[in-house]
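We count residues from 1, following the sequence as given.
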Amino acid sequence: MSTIRTSILIQLMKLVNGMNLKMTDRVQQAMQLFISSGRDFLEVVDEHVEAKGYFTITNLHEAIEKGRINEEISGLMSTSTLSRVQPELPNSSDSEYTRIISSDAFTEIINSSYDGIYITDGNGITLKVNKAYERITGIEQEQLVGFHMDDLVKAGYISKSVSTQVIKEKRPITMMQTLHNKRNVIVSGTPIYDKNKKVLYVINNVRDITELIHLKHEIEDLQEIRNLQQSSRVLNSDGYDLDSIIQTDETKKVYELAMHVAKTDVKVLLFGETGVGKTLIAKYIHKNSTRSTGSFIEVNCGAFPANLIEAELFGYEPGAFTGASAKGKKGLLEIADQGTLFLDEIGDLPLELQVKLLKVIDEQKFIPVGSTKTKEVDVRFIAATHKDLKQMVKEGTFREDLFYRLSVVPITIPALRERKKELIPLIDHYLRLFNQKYEYEKTISIEALDSLVEYKWPGNIRQLMNIIERLVVTTMPDEIGIRDLPEELRDLPPHTPVTRTYIMPLRTAVEHLERDLIKRALKKYRTTRKAADALQVSQGTIVQKMKKWNLSD
């Protein structure tokens, strides 16, 4: 491109709402400007605000593909015309391509892709889309096939057409696109030529980045959010900011139901694995009930020997049994009067005590051990278990009538591995909590945070809390890195980002893919030089990445 044409382009760019990048900015800033401006190129200026070139959406895509997202724009921007990519011409004829694209096998292949695939002919007429494209856009294939891309743009389905640009320039093009449902996607269009270099088809790969960008911003701002939350948010009595932690629909439904039943005295039975937060839900119900000024008494039915739990629940008279206090003792039922009694691990309650508990639930009366006098109480009952009580009823180890008395409103709390979106807020919460407790200012690196999000957490929230506490008190540096994590969190099986069932930060996804590809290349080619040749990067890049991730060749 001539100097005059470059100057004209830069002047035009200045007129398009004045957004520009500094040469010292990084790819993250460019991505945010692309999202907010909807443009395909951005002006790059120096410290004197003098134009030095431009940064295109294609430059962005290349930076992501090559793992250069932490580099300055000055080393990535364009100062001249981008080189045109001319792939080798296929040997197949137009008719052979037509037969392939029309075949059922081809349809099954593209429907197996997690990314959207959109195919047009050389004139820009839509031929085929896969199921993933329908999922991302909410548009059925029947609404698209047979229509020209320009008509779809006019109809508002998409903001711009990559296919028509590919056909016009006869080269692969990547750009950001806004859909009718306001989602942002990155579309990479690749032309297929005939022997005369005429474009026969355009194959578009479509990747949804709306939620990726959202979570990316969350992780990048995690440090600032941590400080803001401490000063501006009012946490509940258990130290939880529920608005920030509740992120999944399943958890929202649990808390909505808990809030709905809290105003009544209906009995609630909480189901869920050990450590999922059943006690937190029970406290939440009590806090939002008319009994919130009364006592909340928690009894772990599996923590007491069978011969002592009766005395703990019902209390006893002086000298009721060997070793009993000479003054007697009030039972937890009596202490919970006008309040809530939470029976945790109710499945461990001995069968003989289940009969006595059933009587208390029905009549709100009980007789202390060693006494002949009946005491009346006004108690709300909430129970919880990680066991299958229905199966226990069938086996005769849990009373059927007690089960139905307790489970007027059953609530199942999902495991932490099913609530991936809540991991980052929970990690943030416990990091702040233990930093405050032990007077530290520890932070967590992006790599370590990614491994924590990746882990399955069989011990749920309780395990997460214990590990964060351990990391805060045992890590020497101020930043907790991936090497500081327990072995089971560091040695996670590799995943390809596009196969995940939850949304992750874009930068994390790119690093996962880089790490996976480098591992496989090193395993196959044995040397860093051959691995670098296969991945089409420098040997120094491979060595640098290996050092960063503690990989061995």
Side-chain angles (χ1 to χ4, degrees), residues 9 12-13 16-17 30-31 33-42 54-62 64-65 78 81-87 94 97-98 101-102 106 110 113 115-194 197-210 212-213:
L9 176 59
L12 286 173
M13 290 166 63
V16 184
N17 76 18
M31 187 176 296
L33 278 179
F34 278 127
I35 291 289
S36 61
S37 68
R39 295 185 357 224
D40 299 328
F41 55 83
L42 299 167
Y54 57 95
F55 188 77
T56 69
I57 195 70
T58 302
N59 296 144
L60 172 66
H61 181 72
E62 290 174 351
I64 293 174
E65 290 293 326
S78 300
T81 304
L82 297 173
S83 59
R84 291 178 178 271
V85 180
Q86 296 291 349
D94 184 2
Y97 277 119
T98 301
I101 291 174
S102 302
F106 181 76
I110 65 173
S113 171
D115 290 346
I117 296 176
Y118 194 112
I119 303 174
T120 72
D121 65 14
N123 295 316
I125 304 297
T126 306
L127 297 179
K128 204 178 198 73
V129 300
N130 70 342
K131 295 293 185 182
Y133 186 86
E134 293 180 328
R135 184 196 74 240
I136 293 169
T137 65
I139 306 173
E140 300 292 333
Q141 180 171 239
E142 290 74 17
Q143 298 174 260
L144 303 169
V145 173
F147 289 95
H148 195 279
M149 295 308 299
D150 290 342
D151 294 331
L152 297 175
V153 172
K154 291 177 183 178
Y157 285 118
I158 55 177
S159 60
K160 65 193 77 173
S161 171
V162 178
S163 297
T164 54
Q165 199 66 23
V166 170
I167 294 168
K168 180 180 178 181
E169 299 188 25
K170 295 185 178 180
R171 67 179 180 91
I173 289 178
T174 295
M175 65 173 63
M176 201 166 292
Q177 192 180 83
T178 302
L179 304 174
H180 72 108
N181 56 7
K182 306 303 180 184
R183 284 186 174 273
N184 294 304
V185 295
I186 285 182
V187 183
S188 298
T190 303
I192 294 179
Y193 306 93
D194 65 9
K197 298 186 179 181
K198 177 184 176 183
V199 177
L200 295 176
Y201 303 99
V202 179
I203 312 297
N204 296 280
N205 182 271
V206 183
R207 180 163 297 176
D208 183 4
I209 63 168
T210 300
L212 289 176
I213 296 296

What distance separates [X] [atom1] from [Y] [atom2], expressed to the nearest 0.5 Å?
X    : Y    : atom1 : atom2 : answer
S163 : L152 : OG    : CG    : 9.5 Å
I158 : M149 : CD1   : CE    : 3.5 Å
I192 : Y201 : CD1   : OH    : 8.0 Å
R135 : D115 : CZ    : CG    : 8.0 Å
L127 : L144 : CG    : CG    : 11.5 Å

Taking all heavy atoms of [X] and all of [Y], pick out the closest pair and write down the distance.
X    : Y    : value
I173 : M175 : CG2-CE, 4.0 Å
V153 : S159 : CG1-O, 3.8 Å
V166 : G189 : CG2-O, 3.7 Å
P191 : P172 : CD-N, 3.7 Å

Side chain to side chain contact (heavy atoms under 4.5 Å, CB included) involving [X] - partner list, sequence neighbours excluded:
X    : value
T137 : Y133, I139, L179
S102 : T98
F106 : I100, I101, S103, I110, I119, K128
E140 : E134, E142, Q143

Sidechain-backbone polar pair: [X] side chain, [Y] backbone, donor-acceptor under 3.5 Å:
X    : Y    : value
N130 : I117 : yes
T126 : F147 : yes
N204 : G116 : no
Y193 : K170 : yes
Q177 : S161 : no
D121 : N123 : yes

Please name all residues satisfying side-chain hydrogen bond (donor to acceptor under 3.5 Å, both in side chains) with Q165, sequence neighbours left out, ordered by chain then number.
->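 Per chain and number, Q165 pairs via side-chain hydrogen bond (donor to acceptor under 3.5 Å, both in side chains) with E169.
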Which residues share a side-chain hydrogen bond (donor to acceptor under 3.5 Å, both in side chains) with T174, sequence neighbours left out =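 With sequence neighbours excluded, T174 shows a side-chain hydrogen bond (donor to acceptor under 3.5 Å, both in side chains) to S188, given in chain and number order.
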Could you check V162, V187, I186 and say which one makes a side-chain contact (heavy atoms from CB on, under 4.5 Å) with M176?
-> I186
Could you give me the CA-CA distance, side-chain angles and deciding distance for T178 and N184, then say whether side chain to side chain contact (heavy atoms under 4.5 Å, CB included) is met?
-> CA-CA 5 Å; T178 302; N184 294 304; 3.2 Å; yes
